[in-house]
2 protein chains.
Amino acid sequence: MKLTLEEICEKLHQNDYKITPQRQIILKIFLENAEQHLSAEEVYAIVRDINPDVGLATVYRTLDLLAELEILQKVNFGDGKSRYEFSDLEVHHHHHLICVKCGKVTEFDDDQLETLEKNIAQKSNFKIIDHQLKFFGYCSNCQT
Amino acid sequence: MKLTLEEICEKLHQNDYKITPQRQIILKIFLENAEQHLSAEEVYAIVRDINPDVGLATVYRTLDLLAELEILQKVNFGDGKSRYEFSDLEVHHHHHLICVKCGKVTEFDDDQLETLEKNIAQKSNFKIIDHQLKFFGYCSNCQT
DNA sequence: TTTCATGCAAAGGTTTTGCATACGC
DNA sequence: GCGTATGCAAAACCTTTGCATGAAA
């Protein structure tokens with residue numbers, strides 16, 4: 001299920017954060033690019049097309065805030081910058097295929113990790129709250 | 001199975017890289033700290049205890065080289081710096097439990113991902129060469 | 001009106017690079 | 001001796017922070 005802009009604003013409200021135009025712009029960007037993994041700089045570029053007065057620091061602060069509230073999820077694909085994606089709570093079991101040649105990132109869903117997760121929690125006395133699974137390899141275009 | 005210093009030097013040799021004292025020092029550090037996930041800065045600190053004349057850039061270049069040759073593996077735990085660990089080829093199925101409170105990283109082994117990996121390769125036409133699995137949660141000390 | 005958010009510029013931290021020198025082979 | 005590796009310092013990045021101003025509630 002996808003959260004709407006209204007529901008997210010509600011969540012901000014509940015946590016005593018203000019609904020500023022800047023925050024709304026950034027939220028809309030993620031709502032409209034749900035399948036992407038945007039970096040701060042990329043978000044900044046899109047933001048500036050909408051309102052050139054927004055500062056980069058605000059983008060960083062907003063991304064931090066949204067990740068804190070678990071609206072976005074911070075991910076790292078090893079390209080030196082953090083990336084953010086919509087944290088679709090129901091599709092928690094969504095992972096990444098990263099092409100080591102062209103860098104393309106595609107996604108796949110799977111819930112097979114459930115049992116593994118329970119196993120580990122039991123064996124190691126670790127209380128697991130999240131997981132990340134990444135596969136590295138060659139995408140269909142780069143296999144030649 | 002663990003690679004020995006000799007076997008690694010052999011691999012360097014095969015790829016026309018020179019065996020320098022700096023490279024040997026760094027290799028020894030990883031051989032003697034196989035269970036750790038050292039950052040460049042941490043490696044640098046240990047290197048300087050052995051030979052204070054080694055430069056930080058050399059550490060970075062050597063880590064890059066060793067990762068390129070798949071002797072080390074570059075990993076990222078979200079603390080802003082890259083970390084490196086010995087890439088134990090036979091224990092490819094070794095993953096990380098990261099405590100979100102104290103930051104402690106522990107490891108576990110598992111090969112259940114095999115079948116999942118095959119599944120994905122088939123479904124998505126992706127040729128998988130590696131994977132990374134991370135679990136985030138609370139370690140036994142931080143569960144109170 | 002009060003408090004939090006923003007913009008700007010500066011600083012911080014990690015990693016990379018240019019270049020002259022030194023060293024492995 | 002040839003060509004790569006190194007050390008140093010500077011630069012290149014990405015990200016965070018201080019502070020005065022501006023705007024949300």
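All heavy atoms count here, side chains included; hydrogens, waters and symmetry mates do not. Chain identifiers are assigned alphabetically (A, B, ...) following the order of the sequence lines, protein sequences preceding nucleic acid strands; residue numbering begins at 1 within each chain.
When rounded to the nearest whole Å, the span between CZ of A/R23 and P of D/dA23 equals 15 Å. The CG atom of B/D64 sits 13 Å away from the C1' atom of C/dT14 (whole-angstrom rounding). In this structure, CD of A/E41 is placed 14 Å from C1' of D/dT16, rounded to the nearest angstrom. As rounded to whole Å, 16 Å separates atom P of D/dA12 from atom NZ of A/K81. In this structure, B/N15 places its CG atom 14 Å from P of D/dT4, rounding to the nearest Å. Atoms CG (A/D79) and P (C/dT16) sit 12 Å apart, rounded to a whole Å. In this structure, CG of B/L65 is placed 17 Å from P of C/dT15, rounded to the nearest angstrom. Regarding A/I25, its CD1 atom lies at a distance of 14 Å from the P atom of D/dA23, rounded to whole Å.
Remark: the backbone N or O of A/S140 is not paired with any side-chain donor or acceptor of B/K127 at under 3.5 angstrom. The backbone N or O of B/Y17 sits nowhere less than 3.5 Å from a side-chain atom of B/N15 that would complete a donor-acceptor pair.
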Worked check of side-chain hydrogen bond (donor to acceptor under 3.5 Å, both in side chains) between A/Q73 and A/D130
CA-CA 11 Å; A/Q73 182 149 29; A/D130 195 14; 2.9 Å; yes

Chi angles and distances behind the salt bridge (charged side-chain N to carboxylate O under 4.0 Å, His left out) call for B/E42, B/K81:
CA-CA 11 Å; B/E42 285 166 353; B/K81 47 198 123 197; over 6 Å; no

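Within 6.0 Å of atom CD in A/Q143, more than 12 heavy atoms from other residues, nucleotides or ligands are found, so the atom counts as buried in its surroundings.
DNA chain D is contacted by B/D53, B/V54, B/G55, B/A57, B/T58 of residues 49-59 of chain B, taking any non-hydrogen atom closer than 4.0 Å.
Contact of the B/L97 side chain with the B/V105 side chain is not registered, since no non-hydrogen atoms from C-beta on lie closer than 4.5 Å. By the 4.5 Å heavy-atom criterion applied to side chains, B/H96 and B/T106 are not counted as neighbours.
Taking the six-membered ring for Trp and thresholds of 30 and 60 degrees, A/F135 and A/F108 have ring planes inclined between 30 and 60 degrees apart.
No hydrogens or angles considered: a donor-acceptor pair under 3.5 Å links the side chains of B/E107 and B/H37.
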Short N/O separations, protein against nucleotides 20-25 of chain C, under 3.5 angstrom:
{"residue": "C/dG24", "atom": "N2", "partner": "B/K18", "partner atom": "NZ", "Å": "3.4"}
{"residue": "C/dC25", "atom": "OP1", "partner": "B/I19", "partner atom": "N", "Å": "2.8"}

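The rotation axes computed at either terminus of the helix from C/dT1-D/dA25 to C/dC25-D/dG1 lie 40° apart, taking five pairs at each end and rounding to 10 degrees.
The six-membered or imidazole ring of A/H131 lies away from that of B/F136, with a centre-to-centre distance of 6.0 Å or more.
B/R61 has no side-chain polar atom (N or O) that falls below the 4.0 Å cut-off from OP1 or OP2 of D/dT6. Residue A/Q22 places at least one side-chain N or O closer than 4.0 Å to OP1 or OP2 of C/dG7. For the OP1/OP2 pair of D/dC14 and a distance below 4.0 Å, the side-chain nitrogens and oxygens of A/S39 include no atom meeting the criterion. Between A/Y60 and D/dT16 there is no side-chain N or O to OP1 or OP2 distance below 4.0 Å.
For the side-chain contact (heavy atoms from CB on, under 4.5 Å) test with B/Q24, the passing option among B/T62, B/I19, B/I8 is B/I19; the others fail.
Here A/R23 contributes atom CZ and A/R61 contributes atom CZ; the two are 9.5 Å apart, rounded to the nearest 0.5 Å.
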